Novice: 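To start, I am sharing the structure in question, which I have written as structure tokens.
All values below were derived from every heavy atom in this structure, side-chain atoms included, with hydrogens, water molecules and symmetry-related copies excluded. Keep in mind that what you see is a predicted model, and the values were worked out from it rather than measured.
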Amino acid sequence: MKPIITRVAHAGHGDHQYFGHSALADLLGVETSTGLLALAITGRRPTTEEREVLDALCVSLTAADPRIWPLKLCRMVASYGEALAGFAAGQLAMMGHGMSPRIMSDAAAHLKRLRRQLDESLGPADVERILRDHVAASPRLAGYGIPMRAQDERFEALRGFMIRAGRSGLPHWRAQEALSECLRRDRRLAPNIGIGHAAALLDLGCSPAEAGALSTLLIEHTFAANAFEAAQQCEPLMQRLPDGCVQYVGPSRRASPRAAVSRP
Amino acid sequence: MSASDQAPGRRSGPLDDASWPEKLTARVVAPGPTPTIHGYDVEGDLARHYSFAETVLLALTGDVPTTEQGRAFEVALHFLSPSPINEAPTHAAVVARICNVLTSAIIGTAAIALAEQARVAVFEHSGWIRRLESEELGPVDEWAPGSDDERRSVQRLRETLHARGIALPALDHDVGRLAALIATLRFAGLTHPDQLEAVLVMARLPCALAEALATPPHSFRDYPIDLPPVRYAPPP
């Protein structure tokens, strides 16, 4: 049987190897938690500056209102007293077309394509043409559009951080800024946190798939907070709402064909 | 809930300022003291006149099946039910049991893995599902049996259905086991990939759980940890 090759880890005597590093000798006391997450996905340890970006990305995803759909289902499952069950269910809520990581990966993929076309030597007219073609090629670009508000406060805060951190001139962030300006102007679409994360993670050297996976990990604290609190509360209303809270719109009460035949 | 039930200090925000429905919308089960499924009384009607499998079909399709559809569904469920330990869903559930986790965690593990297995299986048969919809099967080489064992299994399916008075034209072709079972489920009324995924999970969950629950908890040293073998190759 051919062995499965892993680059992740090996349990040794006295220490554990993790992506080529000794977990206890090399990482303990040195690596940050978000740095470990980046290492888990990319296989590469971030620099000190990159760790700060990862921390900022993590904080920028701190939208943990228990009513937000994936967090609410997380709480419902955790309401029976097991935080891990709620946490696990919350993870599944991100597995699809509606939530990250796919959206983050899609955003990173199209931004990477755009960046490849935006050569430094291009004049403004060529840049404008490339941006318009990019927008025209996709009816709906991942990372744009914001429900229920005019702008995504998470994106704007991240944008401020990137400027302060001196990373707003990096290639993918610049491509994002140009694309965002184009979409604001032509489609009245504002950038959301997805395109901000995509740009920042691409500039950290992530692939689109890695950007999606890493963004998902960086949002876990919002699930953890809700799962833990819900498990502590064991709130009966989370477990069951009164029947009066349900509006039934299915077929009216009816007799089955077999019941109809069996009637005297 | 009255206004007095609301927590104090309600704040303003996008979620607070938007308008939302006040009730959950139920489309299948009408809750209450005598619940119905798609309008049929569960306790006073379905429990008396329909098998559980037929009630599952009702839930998934929206109406009670014919006798033939119910029989075909029962046969398909039987054929689908084995979930052997060497396949990931049962294997994972067994490992969960070895880890001595809560039973709910074993059930959750098995269900997630079965759902993933079903998702991929149905996706791999999406072309076959479209062919069944068109009712012009054409060449079926893509879904041919992978082995003589599989071909014999499909023959047993044909014979079992035939014994119950059911003949499916799709099974006149030399198709693989899952393709044949999907055709059978389609005859039973399950036409959408979502419905097929749901049924694959439901059919296999009992055996996956049974295998796990038959495993001694905490039996770490009885488990072949290096099967399949895994070797560490750190990044350069």
Side-chain angles (χ1 to χ4, degrees), chain A residues 1-12 16-21 39 42-45 63 65-68 77 80-82 84-85 88-89 91-92 95 146-150 152-153 237 240-262, chain B residues 1 5 11 13-18 20-41 44-46 48-50 54-55 58 62-67 101-102 104-105 107-109 111-112 115-116 119 225-236:
Chain A
M1 202 179 289
K2 190 179 173 187
I4 295 167
I5 303 301
T6 178
R7 62 176 187 160
V8 173
H10 178 255
H16 295 261
Q17 287 294 306
Y18 188 63
F19 287 98
H21 305 280
L39 178 57
T42 66
R44 185 178 68 83
R45 284 182 73 182
D65 190 310
R67 297 169 296 178
I68 294 172
V77 177
Y80 294 97
E82 285 293 336
L84 279 175
Q91 305 308 294
L92 297 181
M95 201 178 91
I146 303 155
M148 293 184 284
R149 56 213 197 279
D152 187 340
E153 62 289 338
L237 278 175
R240 184 189 169 102
L241 288 163
D243 289 350
C245 294
V246 178
Q247 174 195 22
Y248 176 69
V249 297
S252 303
R253 191 171 280 267
R254 52 185 169 164
S256 71
R258 292 178 193 168
V261 168
S262 70
Chain B
M1 282 171 284
D5 290 333
R11 296 173 180 228
L15 296 176
D16 303 284
D17 300 342
W20 304 97
E22 293 183 355
K23 294 188 175 189
L24 293 169
T25 300
R27 298 175 174 85
V28 176
V29 174
T34 55
T36 62
I37 298 176
H38 290 298
Y40 297 111
D41 186 321
D45 187 340
L46 296 173
R48 295 181 188 185
H49 302 293
Y50 290 86
E54 289 172 318
T55 300
L58 159 66
D63 212 340
V64 287
T66 65
T67 302
V101 300
L102 298 179
S104 65
I107 296 170
T109 301
I112 291 172
E116 281 298 280
R119 176 179 66 80
I225 199 166
D226 212 22
L227 185 65
V230 175
R231 296 295 175 263
Y232 178 56

Novice: Flag the pair B:Asp16 and A:Arg67 as a salt bridge only when some basic side-chain nitrogen lies within less than 4.0 angstrom of an acidic carboxylate oxygen.
Specialist: yes
Novice: Which atoms of B:Ala30 are under 4.5 Å from chain A, going by heavy atoms: the side chain, the backbone, both sets, or neither?
Specialist: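 Both parts, backbone and side chain.
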Novice: Quick one: closest heavy-atom pair of A:Gly20 and B:Pro234, and the distance?
Specialist: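 Closest pair (atom of A:Gly20, atom of B:Pro234, distance): CA-CB, 3.7 Å.
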Novice: So which of A:Pro147, A:Ala9, A:Ala85, A:Gly250 has the biggest tally of heavy-atom pairs under 4.5 Å with chain B?
Specialist: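 That would be A:Ala9.
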Novice: If I measure from the heavy atoms of chain B, does A:Leu84 come under 4.5 Å with its side chain, its backbone, both, or neither?
Specialist: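 Looking at A:Leu84, nothing touches chain B.
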Novice: Taking all atoms of both residues into account, what is the closest heavy-atom pair of A:Gly43 and B:Pro235, and its distance?
Specialist: O-CG, 4.3 Å
Novice: Side chain, backbone, both or neither: which part of B:Val230 has an atom under 4.5 Å from a heavy atom of chain A?
Specialist: both
Novice: Looking only at the side chains, is there a donor atom on one of B:Thr34 and A:Arg253 sitting less than 3.5 Å from an acceptor on the other?
Specialist: yes
Novice: Nearest heavy-atom pair of B:Pro31 and A:Asp243: which atoms, and what distance?
Specialist: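 For B:Pro31 versus A:Asp243, the nearest heavy atoms are CB-OD1, 4.0 Å.
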Novice: Could you grab the distance from atom CE of A:Met95 to atom CZ of B:Arg119, nearest 0.5 Å is fine?
Specialist: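 Rounded to the nearest 0.5 Å, the CE-CZ separation comes out at 6.0 Å.
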Novice: Kindly give the heavy-atom pair with the smallest separation between B:His49 and A:Arg258, and that separation in Å.
Specialist: O-NH1, 2.9 Å
Novice: Are the side chain of B:Asp45 and the backbone N or O of A:Ser256 linked by a donor-acceptor pair below 3.5 Å?
Specialist: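 It does hold such a pair.
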Novice: Please determine, among B:Leu46, B:Val64, B:Asp41, the option with the most heavy-atom pairs under 4.5 Å with chain A.
Specialist: B:Asp41
Novice: Can you name the closest pair of heavy atoms from A:Pro3 and B:Arg231 and give their distance?
Specialist: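 So the minimum-distance heavy-atom pair works out to CB-CG, 3.5 Å.
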Novice: Is there a side-chain contact between B:Asp63 and A:Arg254 (heavy atoms, below 4.5 Å)?
Specialist: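 Counting from C-beta outward, B:Asp63 and A:Arg254 do come under 4.5 Å.
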Novice: Checking heavy atoms, do the side chain of A:Tyr80, its backbone, both or neither come under 4.5 Å from chain B?
Specialist: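 Contact with chain B involves no heavy atom of A:Tyr80 at all.
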Novice: Of all heavy-atom pairs between B:Tyr232 and A:Phe19, which one has the smallest distance, and what is that distance?
Specialist: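 Where B:Tyr232 meets A:Phe19 most closely, the heavy atoms are OH-N, 3.5 Å.
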Novice: Answer yes or no: does atom CG of B:Leu227 have more than 12 heavy-atom neighbours from other residues, nucleotides or ligands under 6.0 Å?
Specialist: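 Enclosed: over 12 neighbouring heavy atoms sit under 6.0 Å from CG of B:Leu227.
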Novice: Working to the nearest 0.5 angstrom, can you tell me the gap between B:Leu24 CG and A:Leu241 CG?
Specialist: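 Going from the CG atom of B:Leu24 to the CG atom of A:Leu241 covers 5.5 Å.
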Novice: Heavy-atom distance under 4.5 Å to chain A: side chain of B:Ser104, backbone, both or neither?
Specialist: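 For B:Ser104, neither part sits under 4.5 Å from chain A.
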Novice: How about A:Met1: does its CE atom have over 12 heavy atoms from other parts shown lying under 6.0 Å from it?
Specialist: no
Novice: Checking heavy atoms, do the side chain of B:Arg27, its backbone, both or neither come under 4.5 Å from chain A?
Specialist: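 Both backbone and side chain of B:Arg27 come within 4.5 Å of chain A.
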